[in-house]
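Single-structure report; data block below.
Computed over heavy atoms, backbone and side chain alike; hydrogens, waters and symmetry mates excluded. Below, chain A is the first sequence line, B the second, and so on; all start at residue 1.
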Amino acid sequence: MNKYRTHNCDQLRKENNGENIILSGWINKKRDHGNLLFIDLRDNYGVTQCVIDKANSNFVKLEKIQLETVIKVEGKVIKRSNDSINKEINTGEIEVIIKNFYVLGKCKELPLPVFSNQEYAEEIRLKYRFLDLRRKKIHENIILRSKVISFIRNEMNKLGFLEFQTPILTSSSPEGARDFLVPSRLNPGKFYALPQAPQQFKQLVMVSGFDKYFQIAPCFRDEDARADRSPGEFYQLDMEMSFVEQEDVFKVVEKLFVNTFKKFSKKKLLFSEFPRISYKEAMLKYGSDKPDLRNPLIISDITEIFFSEDVSFEIFKKLVNSGSKVRCIVTKNTKDKPRSFFDNIDKWAKEQGASGLAYFTIEKENEVSARGPVGKFFSKKALEEIMSKTGAEVGDSIFMACAKNNDLEKITSLSREKIAKDLDLIDENTFAFCWIVDYPMFEIDEQTNKIKFSHNPFSMPQGEVDKIDFEKPLEILAYQYDIVCNGIELSSGAIRNHIPELMYKLFNIAGYSKNDVEQKFSGMINALSYGAPPHGGIAPGIDRIIMLLANEKNIREVTMFPMNQNAQDLLMNAPSEVSENQLKELNLSLKTKK
RNA sequence: GGGGGUGUAGCUCAGUUGGUUAGAGCGAUCGCCUGUCACGCGAUAGGUCGAGGGUUCGAGUCCCUUCACUCCCGCCA
């Protein structure tokens with residue numbers, strides 16, 4: 001109720017018939033009949049059809065007006081006749097007869113149409129993001145993002161979490177991704193770093209006795225972009241809790257995610273209590289630590305069978321004898337699939353750099369036999385063994401890959417996705433969450449052959465502290481977990497190691513001296529030495545949660561002002577050069593000038 | 001840093017084995033049209049075919065170089 005509007009563009013109904021009203025908004029679309037002109041006026045809330053005819057002296061001016069011009073309309077609401085009702089819009093039972101109008105914001109010829117469902121090149125969309133954001137789908141995505149974040153805040157408050165801000169200008173950390181650096185004017189030659197995550201701060205919050213913390217936290221990592229990864233910055237729902245075990249964290253996150261996903265998506269949740277899968281089991285059954293559990297296919301290890309006389313498949317036997325393993329995927333009831341189905345998958349596997357996928361189909365006339373190019377190499381006994389090991393039945397097919405460790409996991413994981421896609425086994429209308437647990441504390445670095453932390457060095461090792469066998473570091477598991485949805489890793493988390501002596505021991509295994517640790521993590525170690533509570537947490541990625549809820553494949557579709565793949569903001573023209581004077585104040589000089 | 005894809009009118013795209021003057025839809029401009037809601041009809045303008053080089057009688061099309069965007073690998077404790 002001000003000089004610009006009495007109602008928004010989604011408010012008027014047939015009950016308003018006869019009222020004199022004022023609307024303001026953008027000209028979404030014009031339909032010019034020569035002596036009668038329709039204007040669809042749009043604002044954030046909706047669209048209202050406005051009409052003017054030639055008798056009105058404003059007609060000629062309105063007829064010439066550019067789309068996306070912002071105007072104010074004074075007019076009268078009238079009920080539409082039954083045959084002209086538009087059921088597509090909320091205001092479709094009325095229209096506004098324009099008496100007067102004022103241009104509030106002129107619009108030049110558009111570089112991209114706003115009223116259109118077409119897809120446009122990213123470059124033009126990012127350069128004119130303010131126009132792009134007026135478009136229906138992305139406008140709704142951004143509103144969804146706001147609502148989800150607000151809902152999450154509210155849920156976290158209800159669960160007793162306190163929201164705190166942590167510093168944006170902090171120190172560079174030796175572990176992790178590349179840092180963004182900010183030069184310090186007052187401390188020449190020294191740099192701040194933007195936080196890759198508020199990891200150390202949230203642990204300090206626990207040591208400070210605040211018990212439950214959360215934050216919608218901006219995180220900055222100087223890493224290359226992907227479709228699901230913005231360059232530079234992203235947001236996490238960062239949380240940490242004191243006096244908790246792993247299951248306590250799981251309960252909070254499960255409750256939050258079930259509530260959020262039920263509220264904001266129509267898709268079904270496959271599990272309301274998310275399955276816990278050990279890292280080891282995930283790598284065997286799915287070939288990945290971020291399995292898509294919508295996919296019913298499971299990988300089995302059948303290496304043993306290739307040592308026996310019952311198999312005469314010499315290529316695989318030779319590889320197995322030199323340390324390779326054989327893993328297989330069973331597809332149910334595929335006996336009638338054409339030869340091309342199998343050959344395409346084999347051909348695809350070769351394109352992925354594997355030696356291909358061997359396959360056969362199990363048949364039975366009088367006794368069990370295998371049909372397919374390599375079927376003849378498997379005796380009845382071998383087939384029965386494979387069937388009992390994998391749960392395969394007559395009519396099913398077996399796809400086999402033979403390779404070593406990482407290569408085998410990679411190809412079986414990709415094959416699992418590829419075969420499921422070809423057989424259309426994935427239900428796009430579900431969310432399948434799971435926890436991946438029991439990550440190993442250490443692993444062998446494949447390049448240096450040395451022991452390194454496999455995940456977060458601050459995670460708590462599993463078991464009684466004084467019973468951990470530090471002589472066998474590769475067997476130590478950590479209270480370290482990931483949450484995965486539909487094959488997308490949403491977050492890592494951990495119960496933290498809050499015992500300095502234990503931390504020194506673990507770092508020592510990874511090749512860091514006590515001195516190294518004290519230097520690199522002085523703040524943390526110092527704090528943990530003054531009475532730290534056991535604590536743990538997690539930090540799910542907000543952007544990826546919104547992607548899942550909005551059913552988008554690209555993170556830029558749920559980000560208001562994203563950068564492009566080269567980490568440039570085409571709208572604001574960042575990064576940009578700075579003046580000599582600015583550099584001088586910061587004690588910086590550039591080596592290369594263009 | 002490496003690999004793939006794309007680049008033709010303001011926007012979205014077509015353009016055959018290399019062949020005359022490079023097309024369409026939307027948009028823009030102008031004209032016609034009083035019930036549309038992707039309104040309709042007619043006309044006009046709009047192009048260094050990303051850039052540079054090469055092969056050829058002839059290149060949007062083939063080759064080389066390069067740039068931009070995008071997807072992936074590396075990277076992402």
Checklist entry - Hey, are Lys452(A) and Glu443(A) close enough for a salt bridge, meaning a charged N less than 4.0 Å from a carboxylate O? => result yes
Checklist entry - Looking at Glu501(A) and Lys514(A), does any basic side-chain N land under 4.0 Å from a carboxylate oxygen? => result no
Hey, does the side chain of [X] reach the backbone of [Y] with a donor-acceptor pair shorter than 3.5 angstrom?
X         : Y         : answer
Arg556(A) : Pro562(A) : no
Gln480(A) : Gly493(A) : yes
Arg229(A) : Asp224(A) : yes
Asp43(A)  : Tyr45(A)  : yes

Checklist entry - Has Lys76(A) got more than 12 heavy atoms of other residues, nucleotides or ligands less than 6.0 Å from its NZ? => result no
Roughly how far apart, to the nearest Å, are [N] and [M] at atom [atom1]?
N      : M      : atom1 : value
U56(B) : U61(B) : P     : 16 Å
U20(B) : G1(B)  : P     : 42 Å
U70(B) : U8(B)  : P     : 15 Å
A24(B) : U6(B)  : P     : 25 Å
A59(B) : G15(B) : C1'   : 14 Å
G23(B) : A9(B)  : C1'   : 10 Å
U65(B) : G4(B)  : P     : 12 Å
G60(B) : G53(B) : P     : 14 Å

Does [N] have a Watson-Crick or wobble partner in any strand here, with both distances under 3.5 angstrom, and which is it?
N      : result
C69(B) : G5(B)
C37(B) : none
C49(B) : none
G60(B) : none
C11(B) : G25(B)

Any [X] side-chain nitrogen or oxygen under 4.0 Å from OP1 or OP2 of [N]:
X         : N      : result
Arg229(A) : C75(B) : no
Asn566(A) : U70(B) : no
Lys64(A)  : G31(B) : yes
Arg226(A) : C73(B) : yes
Gln565(A) : C71(B) : yes

Below 3.5 Å between N/O atoms, which protein atoms pair up with nucleotides 42-49 of chain B? Just atom names and distances, please.
none

Can you find a heavy atom in the side chain of [X] that is under 4.5 Å from one in the side chain of [Y]?
X         : Y         : value
Arg496(A) : Glu240(A) : yes
Thr48(A)  : Ile94(A)  : yes
Leu477(A) : Tyr279(A) : no

Return the value, rounded to whole Å, for the distance between atom [atom1] of [X] and atom [atom2] of [N].
X         : N      : atom1 : atom2 : answer
Leu37(A)  : G40(B) : CG    : C1'   : 15 Å
Asp224(A) : G74(B) : CG    : P     : 11 Å
Asp228(A) : U70(B) : CG    : P     : 15 Å
Lys410(A) : C72(B) : NZ    : P     : 14 Å
Arg125(A) : A68(B) : CZ    : C1'   : 18 Å
Met524(A) : A77(B) : CE    : P     : 17 Å
Asp179(A) : C75(B) : CG    : P     : 18 Å
Tyr235(A) : C76(B) : OH    : P     : 23 Å

Checklist entry - Measuring from Asn100(A):CG to Asn56(A):CG, what's the distance to the nearest 0.5 Å? => result 7.5 Å
Next on the checklist: Side chain of Arg221(A) only, heavy atoms from C-beta on: which candidate in A77(B), C71(B), C69(B) is closest?
Outcome noted: A77(B)
Checklist entry - Where do Asp40(A) and Lys29(A) land on the salt bridge (charged side-chain N to carboxylate O under 4.0 Å, His left out) test, with the steps shown first? => result CA-CA 5 Å; Asp40(A) 291 339; Lys29(A) 192 69 188 166; over 6 Å; no
Checklist entry - Is the Phe201(A) to Phe164(A) ring centre distance short of 6.0 Å? => result no
Item to check | Residue closer to the 5' end of RNA chain B, Phe453(A) versus Lys54(A) (nearest nucleotide) | outcome: Lys54(A)
Checklist entry - For RNA chain B, whose closest nucleotide is more 5', that of Asn554(A) or that of Ala177(A)? => result Asn554(A)
Next on the checklist: Using a heavy-atom cut-off of 4.0 Å across all strands, would you classify Asp222(A) as base, sugar-phosphate, or nothing?
Outcome noted: nothing
I'd like a list of close polar pairs between nucleotides 6-12 of chain B and the protein, N/O only, cut-off under 3.5 Å.
residue	atom	partner	partner atom	Å
G10(B)	O2'	Pro111(A)	O	3.2
U12(B)	OP1	Ala121(A)	N	3.1
U12(B)	O4'	Gln118(A)	OE1	3.4
U12(B)	O2'	Gln118(A)	NE2	3.4

Between the protein and nucleotides 35-38 of chain B, list every N/O to N/O distance that falls short of 3.5 Å.
residue	atom	partner	partner atom	Å
G35(B)	N1	Glu95(A)	OE2	2.8
G35(B)	N2	Glu95(A)	OE1	2.7
G35(B)	N2	Glu95(A)	OE2	2.8
U36(B)	O4'	His33(A)	NE2	3.4
U36(B)	O2'	Arg31(A)	NE	3.4
U36(B)	O2	Arg31(A)	NE	2.6
U36(B)	O2	Arg31(A)	NH2	3.2
U36(B)	O2	Gln49(A)	OE1	3.3
U36(B)	N3	Gln49(A)	OE1	2.9
U36(B)	N3	Gln49(A)	NE2	3.0
U36(B)	O4	Gln49(A)	NE2	2.9
U36(B)	O4	Arg80(A)	NH1	3.3
C37(B)	O4'	Arg31(A)	NE	3.1
C37(B)	O2	Gln49(A)	OE1	3.3
C37(B)	O2	Asn86(A)	ND2	3.0
C37(B)	N3	Arg80(A)	NH1	2.9
C37(B)	N4	Ser84(A)	O	2.6

Item to check | For the student: nearest non-hydrogen atoms of Leu204(A) and Gly523(A), plus distance | outcome: CD2-O, 4.3 Å
